[in-house]
Every structure is written in structure tokens, then in C-alpha cells.
Amino acid sequence: MDARRASRGAPVTDTVRVRFAPSPTGKLHIGGARTALFNWAYARRHGGKFLLRIEDTDPERSTKEYERAILAGLRWLGIDWDEGPDVGGPYAPYHQAQRIDRHRAAAQAMLARGEAYRCFCSHERLDAMRAEQEVEHQASAYDQRCRAVPLAEAERRAAAGEPFVVRFRVPQGSTSLVDHVRGDVTFQNAEVDDWIMVRSDGNPTYNFVVVCDDVDMRITHVFRGEEHLINTPKQVLLYRAMGAKPPEFGHLPLMLGTDRKKLSKRTGDTALQDYQEKGYPKDAVVNFLCLQGWALNGTQEIFSLDELVRNFDIADVSKAGAVFDIDKFRWLAGEYLRKEPIETLLDHCAPFAVSAGLVKAEELASKRAWLASVLAAEKERMHVYSDFPARIAYLFAKDDELPYEPDAEANARKHGTRAALLADFAAWLAPRLAAGEASASLRDAMKAWLQERKAKMPELLQPLRCALSGRAGGPDCFDMIAWLGPERSRARIASAVRRLA
RNA sequence: GGUCCCAUCGUCUAGCCCGGCCUAGGACACCAGGUUUUCAUCCUGGCGACAGGGGUUCAAAUCCCCUUGGGAUCACCA
């Protein structure tokens with residue numbers, strides 16, 4: 001039966017148990033976040049359990065800081081877990097390093113059963129062997145020399161202190177795995193290396209512990225990146241050797257950089273945190289991540305976490321790698337940003353204005369209404385929260401030193417009447433502002449005023465826009481006047497009369 | 001190089017499993033027009049793909065084979 005067919009609808013077997021098993025040796029990779037999301041969605045869709053396990057077996061590079069950041073990142077996305085390092089569960093502990101006794105026992109048992117064997121070959125011999133294989137254009141694999149060492153002799157040599165690793169004894173035949181993304185895949189065992197299960201320092205390796213823990217935690221489905229596909233026959237063989245039923249798999253397409261290679265720092269930000277720090281709305285991140293390899297129905301691009309859960313199926317995930325399209329991501333971010341209620345949006349954007357030095361944190365409360373008014377107008381031009389300070393910086397410039405963008409100044413200078421008209425407008429405007437006339441009313445009055453003078457709108461408004469903001473585009477001029485207030489508006493126009501003369 | 005995976009617009013994808021509804025749909029980007037005082041938003045339109053070749057079939061983007069191209073992986077890292 002084709003696995004991709006079989007997975008449609010609710011599984012008829014045991015309760016689904018899936019996991020995400022990050023290694024706390026760095027920030028959460030954006031591809032890892034998607035893997036977590038798909039695993040989580042699958043569990044929620046099928047009423048199963050989603051668990052988190054920390055693969056901290058590399059003590060050199062693992063840190064608690066990274067672990068905390070990874071958990072925080074997942075929570076930020078809206079992913080929760082039923083079992084994990086912080087919430088516990090029936091198969092605790094959920095830190096891989098704490099399960100070492102179990103791993104050692106499993107290795108010992110396999111050694112005793114002959115499923116694994118000690119290998120005493122030196123690094124030098126292994127290196128020489130690899131070099132030779134490379135010359136011969138062969139796959140690099142252990143030549144199985146130590147398979148021939150009798151168990152008794154191996155134990156004697158080990159007891160005598162001779163260093164050794166434990167290798168898996170790959171049987172003959174072929175190995176198939178159930179893959180819900182790709183369809184079933186078969187490998188010839190002759191192509192599978194007698195891989196190392198336990199290092200010479202006694203620590204188990206990834207391929208070994210991941211299977212031990214997945215067996216112990218009753219994992220039913222393993223969905224992970226395609227780079228793991230080639231490891232999978234080793235793991236399937238190990239399940240069998242341990243007397244366990246292998247789970248079903250799903251190897252997710254890689255997320256690619258613009259060079260069509262596995263996404264790396266070379267072609268853009270790779271950490272989830274990078275996007276959080278740049279102010280991408282989290283729902284946009286979730287939505288975009290889903291779009292990399294999965295589609296709701298082919299026409300609806302924007303959907304919620306809830307819609308994902310209701311519609312997600314691992315069999316619908318694409319097989320081909322997806323180039324990370326930052327343009328589409330920014331578009332999506334803008335869509336979500338604009339949908340936010342203004343108060344919420346301000347909460348998200350304000351910190352960026354503070355860190356840019358435009359506003360002091362303690363001023364936030366007193367300036368809140370003003371900032372909200374500005375943001376409500378400027379959000380049309382924003383994609384991510386961090387766009388905010390650059391959008392509003394002109395409001396904080398010194399009035400007589402406002403930088404004019406070249407395009408803005410060029411637009412203003414197209415009009416020969418600019419200085420005179422601006423000066424007249426200033427005289428017209430002053431008493432009205434003093435009287436507290438509202439923006440909408442000013443706008444209408446300005447149109448009538450221009451008509452009397454037989455002047456077109458751009459003739460006034462382009463120089464005025466330059467005077468007020470120094471920018472070629474932006475919000476309505478009378479909104480800007482309202483934000484700046486009478487005195488600063490007057491000062492900026494007066495300054496422009498001189499500077500644009 | 002060995003092994004494994006993949007192949008629809010520039011990009012993300014729908015369609016493929018269950019061949020006809022496909023003169024291949026949507027979105028981003030791009031281009032043109034409209035709206036706007038400007039930019040942006042918004043609206044309308046345009047550009048643009050079944051990698052190639054063989055089969056099977058009345059009929060193939062859809063099934064099979066080959067070729068080509070791309071990717072992953074080959075650690076006492078996870």
C-alpha cells in the first residue's frame with residue numbers, strides 16, 4: 001500500500017505520537033521551525049501527542065541559553081507540546097543526555113547479541129582506507145575488518161584497555177521505509193555502512209540514541225528534513241535489531257537559498273529569532289513557513305494556525321525543495337501587519353522606535369495617542385514592525401535641519417513658484433492653526449484657496465511635502481501638520497522658503 | 001565519484017495518486033493602466049511554466065522507461 005494514500009484521514013492504528021528533537025547547539029533554524037510546525041500540526045490534526053526532546057548529547061556545543069531560546073521560539077509561533085523538558089511526561093527525561101544509562105544498556109545488549117561489534121581500527125587505518133576508496137571512486141564505508149574479531153577476544157582486548165568503538169552489524173538484504181512524503185524508499189544494505197553506535201569515549205552517537213529514544217517514547221511518525229533520508233536505513237535496521245517496529249517517516253523538502261542549495265547564512269537569515277527580531281508578525285512567519293512545502297488549497301495564500309491544523313496532511317507536502325522567497329515573506333508580513341488593531345500594532349512597533357532612539361521608553365505612555373495616529377497612517381507603507389522608526393524619523397528631526405531626500409527636493413523645485421507660494425501659504429495657515437482648525441477643514445479650505453490663485457495642487461503640495469517631511473512620498477500633508485503642531489510646521493515651512501528659494 | 005531524492009510560470013504552488021473538466025488555476029515579483037496632492041495601500045489588465053526524448057492509450061502535466069539537470073549525503077556532529 002502506498003504510504004501517501006494510507007495517511008489520508010485519521011490513522012486507524014495507535015495514537016499518533018510525533019516529536020521535534022532540536023539540538024541546542026545554535027539558534028532555532030527556520031527550517032527546524034517548519035519541521036516542528038508540521039509535526040505539531042500532524043499531531044493536532046490526528047488527535048495525537050506532540051513531544052519535545054532536547055538532543056543535547058554534544059556537551060561541547062550545547063547550551064542552556066540556546067535551549068531556552070528554542071523553546072521560546074516555538075512558543076512564540078504558537079506551538080505547544082504535550083510532553084517535554086519543561087512539562088515532563090510519562091517518558092521523562094526529555095533531555096537526551098540524561099538518558100545515557102539506557103543508551104549504554106542498549107548498546108551492551110546489542111553487543112551481547114552480536115547485533116553490534118567492537119572495532120579496534122585506528123584513525124590512521126580508517127583515514128588510509130578512506131583515501132583509497134576515494135581514489136577508487138567508491139563510497140566511503142568501513143571495510144568491516146573487525147567483524148572477524150571473535151567476541152571473546154574483543155572483550156579481552158577491551159578489558160585490557162584497548163580503545164574501541166561499537167559498530168552496527170548491518171545485515172544482508174535490503175531495507176525499505178514508509179515515507180509519507182515521497183512514497184516508500186528502498187536501500188540495498190550493501191550500501192549501508194557499519195556505522196558507529198558508540199564512540200571510543202563511550203558516548204553514543206546520534207543515529208543510535210535517536211532510535212533508542214524514539215522507541216522508548218513510543219514515537220509513531222518521524223517527520224524531519226530530507227537531509228536525514230539517507231540516514232534512515234541505518235535507523236530502520238537498528239529498530240529491527242532492537243526488536244522494535246520502525247515508525248513511519250516523512251522527509252520534508254529542504255528549504256533552499258537563492259542559490260538553490262540548503263538554506264545557509266550565506267544567502268540570508270536562517271534563524272527564526274532573526275525574523276522575530278526584525279519584527280515579522282508571528283502569524284506571518286507561521287503562514288509563510290507553511291507555504292514552503294505545503295498549500296492550503298492552491299488559491300488561498302493567507303490562513304491561520306487553526307486552518308492549518310484542520311487541513312494539514314503530511315501526504316500533501318511537496319517533494320521538491322523550496323527556495324526561500326523573502327519578497328513573498330515581506331508581502332505576507334505586510335498583510336498581517338496591516339490587519340492588526342492599531343493598539344496591538346503600536347505595542348509591536350513602539351519598541352523599535354525606542355531602540356532607534358526616537359522615543360524614550362518612559363515617554364511611550366504620554367505619546368501613545370500621537371504615535372498611534374502616526375502609525376495608523378504610516379502602516380500602509382510598512383511590512384515589518386522594524387520599518388516603523390525609518391518611517392517616522394522625519395518627525396523627530398530638527399526643524400531647520402530636516403534632511404531633504406533628492407527626489408523630494410527635485411519634486412519641489414519643479415515648481416517655479418515654490419518659495420513664494422509656500423510663504424503665502426504659511427501666512428494663510430498660521431491664523432487657522434492658531435484657531436485650532438481641524439485637518440479635514442484645512443484641506444478643503446486649501447483647495448479653495450488654491451483655486452482662487454489659479455494654482456494646481458502639486459504646485460503647493462510637492463514643495464510643502466518636502467518642507468514638512470523631506471520625503472517624496474508619505475501621508476497626507478495636513479496629517480503631518482497635525483502631528484508636527486503649529487509651531488514646528490511653521491518653522492519647517494519657513495526653513496523651506498529659504499532652502500528651496 | 002557511490003548511494004538516495006527531486007523536476008509545472010523568475011519564485012512559492014494547485015492540478016498528478018484515481019489519464020479526458022487544463023486553450024494548465026492562484027500568489028509573490030515584474031510591466032502597464034486606474035485611484036491618490038505624493039509614496040504606499042487598493043482595483044483592473046499583461047507577461048510568464050508542464051526539462052527533453054521515447055513509449056502505453058481514442059486521449060498524458062497526469063502512467064511507464066531513458067536522458068538531462070538540480071539537490072542531499074558519504075564524520076568517533078546532530
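First the proteins, then the strands, lettered A, B, ... as listed; each starts at 1.
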Which one, rC28(B), rA72(B), rC76(B), comes nearest to the side chain of His123(A)? rC76(B)
Please state the C1' separation for the pair rU23(B) and rA40(B) - nearest whole angstrom. 37 Å
On a whole-Å scale, what distance lies between the C1' atoms belonging to rU8(B) and rG15(B)? 9 Å
With sugar-phosphate meaning primed atoms plus P, OP1 and OP2, does Thr232(A) contact a base, only sugar-phosphate, or nothing at under 4.0 Å between heavy atoms? nothing
Using a distance-only criterion (donor-acceptor N/O pair, under 3.5 Å, no hydrogens), is the base of rC6(B) paired with the side chain of Lys319(A)? no
Only distances under 3.5 Å count here; give the side-chain donor-acceptor pairs of residues 257-268 of chain A to other protein atoms, sequence neighbours excluded, each with its distance to 0.1 Å.
unit_1    : atom_1 : unit_2    : atom_2 : d
Asp259(A) : OD1    : Lys261(A) : N      : 3.0
Ser264(A) : OG     : Arg266(A) : N      : 3.3
Thr267(A) : OG1    : Ser264(A) : O      : 3.4

Inter-nucleotide C1' distance (rA24(B), rA14(B)), Å rounded: 10 Å
Tell me what Ala472(A) touches on the nucleic acid: a base, only sugar-phosphate, or nothing, going by heavy atoms under 4.0 Å. base
Among rC76(B), rA29(B), rC12(B), the one nearest any side-chain atom of Val165(A) is rC76(B)
If we take the C1' atom in both rU62(B) and rA72(B), what is their distance in whole Å? 27 Å
Can you figure out which of rG26(B), rA14(B), rC4(B) approaches the side chain of Thr299(A) most closely? rG26(B)
Nearest-nucleotide pick for Ala320(A), side chain only, options being rA7(B), rA75(B), rA29(B): rA7(B)
Is Lys379(A) touching bases, backbone alone, or none of the nucleic acid, heavy atoms closer than 4.0 Å? nothing
Is the count of non-hydrogen atoms from other residues, nucleotides or ligands lying under 6.0 Å from Gln98(A) atom CD greater than 12? yes
Residue closer to the 5' end of RNA chain B, Gly474(A) versus Gln292(A) (nearest nucleotide): Gln292(A)
Base, sugar-phosphate, or nothing: which does Gly225(A) touch, judged by heavy atoms less than 4.0 Å apart? nothing
Which part of the nucleic acid, if any, lies within reach of Ser23(A) when heavy atoms closer than 4.0 Å are counted: base, sugar-phosphate only, or nothing? sugar-phosphate
Say we look at rG52(B) and rC76(B): how far apart would their C1' atoms be, to the nearest angstrom? 46 Å
Once you apply a heavy-atom cut-off of 4.0 Å, does Glu405(A) come out as touching a base, just sugar-phosphate, or nothing? nothing
With RNA chain B as reference, determine whether Met457(A) or Val185(A) sits nearer its 5' end, using the nearest nucleotide of each. Val185(A)
Identify whether any heavy atom of Arg260(A) sits under 4.0 Å from a base atom; if not, whether one sits that close to sugar-phosphate; answer base, sugar-phosphate or nothing. sugar-phosphate
Which of the following nucleotides, rU38(B), rC5(B), rA78(B), is nearest to the side chain of Gln96(A)? rA78(B)
Under 4.0 Å, heavy atoms only, any strand: does Phe329(A) hit a base, just the sugar-phosphate, or nothing? nothing
For Asn231(A), report the nucleic acid contact type (base, sugar-phosphate, nothing); a contact means any heavy atom under 4.0 Å. base
